[in-house]
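Below is one structure, written out as structure tokens, with a few remarks after it.
The figures that follow rest on heavy atoms only: side chains count, while hydrogens, waters and symmetry mates do not. In what follows, chains carry the letters A, B, and so on, assigned in the order in which the sequence lines appear, proteins first and then strands, with residues in each chain numbered from 1. Nothing here was measured: the structure is a model prediction, and the numbers come from that model.
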Amino acid sequence: MSIRRRDFVLGASTAAGLATLAAPAVLGQAKPKVLVIGGGPGGATAAKYIARDSQGAIEVTLIEPLRSYTTCFHSNLYLGGFRSFESITHGYDKLAGHGVKVVHAAASAIDRDKKQAVLADGARVAYDRAVVAPGIDLKYDSVPGWGREHEKTMPHAWKPGEQTSLLKARLDAVPDGGVIVVVAPPNPYRCPPGPYERVSMMAHALKQSGRTRCKIFVVDAKDSFSKQGLFQQGWERHYPGLVEWQGPKTHEGLKSVDPAAGTVATGFETYRNCALVNVIPAQMAGQIARDAGLANQTGFCPIKPESMQSAMDANIYVLGDATIAGDMPKSCFAANSQAKVAALMIRGELQHARTFPARYNNTCWSLIEADDAVKVGGRYEAKDGKIAAVETFVSKTDETPETRKQTQAENMGWYAGITADIFG
Amino acid sequence: MTLDAPYRGHALRILATVAIGMAAACLPHGAPRAADPALGAYLSSECVACHLASGVRVGGIPAIVGWPQEQFVAVMKAYRDGHRDNPVMHNVAARLTDEEIAALAAHFGALKPAPQ
């Protein structure tokens, strides 16, 4: 009897010892570690909020290869001449002031079993929770005749930075009478109104410089698009005859592009000697998320709508354009909103911080012409297993010029606010 | 000096009302509930997606820092109840309870605008 009791006691203490060794850092002496992969609107916001609000109790490391981040949002305004490149480019210096350790390196893999990220140089960084916010990758095989090797000849400018300046330089070089073709992507993709704001800003730049004999053809993979009525009304009002949008029923399918010849062939028409072809291809979640098995067959990452926690791994949260976020669009505002929910839930897990039910929000402003901006937005919550829209709104076609001007003033103010929220 | 019965009753009612009022002011459940700082901080993260926490106005996005709390509450309720019609603000305010608006008013009211 006594031996058996002693065995029992020993067994219990051994089990307790093993449990301590296996426990996450949360329960031990070391600070819990959060690793954020990707320094865009989602990742940088999450890193800042976790570090700032945990007041040093959580060790936050942000892995981002770029030293500065040029925003996709408002890059169309740069194209139209409404903003400078410098004004849409932001450094990571201020995140350190909130306690974020910023490592400028590329993360090449996530070892989910060991809870480590592997950097390009082979170094490993351990985490208790990882935030994965890699944005999108382009599907280079989605447009026949076009691939990665053609992105300088036919730029996409759907990832920020060098491509943004390239597209602007190419637009500035279009001669009067030149033909521009914009290939618009299928759903789902980053920034639903983005291609159409881009077309508006291209038209503005052409009109401003007197190149009014130019023509912009939009060859779209979709039958309809975000704020369609507002954009089409704006194009007729401000740029009559300059923009022609074609859905699949009109162009009868994009057959191929020839980057060397500057040709775009559709079932309906072949555009030769184009002065500029902007190919915005189909998209998927950034490679690191797909390689780590965080995406499903759609190429994007399912998440739990209550928290932004990956549906594949409870130690990982996925944010922004890489996710399947239900009714929320892939927008900067959405990624920033999702990051705040994830930051709170992660602090709840690692720091026992008080949490509140997830609430999400989004607004997307688009500039059609100087002092003529429109907006679309909504609020969202976790419902029926997804992030569901509670109520949405969109600008109306009969708004006064004063309202449109005010909307553009909001747009500019929002940019200052959100970039301070992300990087400030 | 004595009061006639009806007046004595009136005076007692006044005294009783004052006493109840004083008691209510001392009891947590009778006084207005203090704003919840953690709730205010969480909800404020939605506001600073547009409004600068430094209290600087940029473009068409006004400063919301350092306002008297009752003014903040009145403006948010006006958006919530549709008396002000900016759709972005209505969208934000529509799901806020009185308690949440009070928490936000206390949060932003306590912040000091940065020197401009």
Is A:Lys375 in contact with chain B via its backbone, its side chain, both, or neither, using a 4.5 Å heavy-atom distance?
side chain
Answer with side chain, backbone, both or neither: which region of A:Arg379 has an atom nearer than 4.5 Å to a non-hydrogen atom of chain B?
both
Applying side chain to side chain contact (heavy atoms under 4.5 Å, CB included), can you list everything that pairs with B:Ala41, at least two apart in sequence or on another chain?
B:His107
Within the side chain of B:Arg95, is there an N or O that forms a donor-acceptor pair under 3.5 Å with the backbone of A:Tyr380?
yes
Return the minimal non-hydrogen interatomic distance between A:Asp421 and B:Ser45, and the atom names on each side.
OD2-O, 4.4 Å
How close do A:Gln406 and B:Gly60 get, counting heavy atoms only, and between which atoms?
NE2-O, 3.8 Å
Taking only Lys NZ, Arg NE, NH1 and NH2, and the carboxylate oxygens of Asp or Glu, determine whether B:Glu100 and A:Arg359 approach each other closer than 4.0 Å.
yes
In residues 78-92 of chain B, which residues are in contact with chain A at a heavy-atom separation under 4.5 Å?
B:Asn86, B:Pro87, B:Val88, B:His90, B:Asn91, B:Val92
Residues in residues 329-348 of chain A near chain B [non-hydrogen atoms, under 4.5 Å]
A:Phe333, A:Asn336, A:Lys340, A:Val341, A:Leu344
I need the residue from B:Cys50, B:Ala94, B:Ala38 with the largest number of non-hydrogen atom pairs under 4.5 Å to chain A.
B:Cys50
Which residues share a side chain to side chain contact (heavy atoms under 4.5 Å, CB included) with B:Gln69, sequence neighbours left out
B:Ala105, B:Ala106
Give, as side chain, backbone, both or neither, the part of B:Leu39 having an atom under 4.5 angstrom from any heavy atom of chain A.
both
Restricting to non-hydrogen atoms, name the atom on A:Ala416 and the atom on B:Leu52 that form the minimum distance, rounded to 0.1 Å.
O-CD2, 3.7 Å
What are the two closest heavy atoms between A:Met412 and B:Val58, and how far apart are they?
O-CG1, 4.2 Å
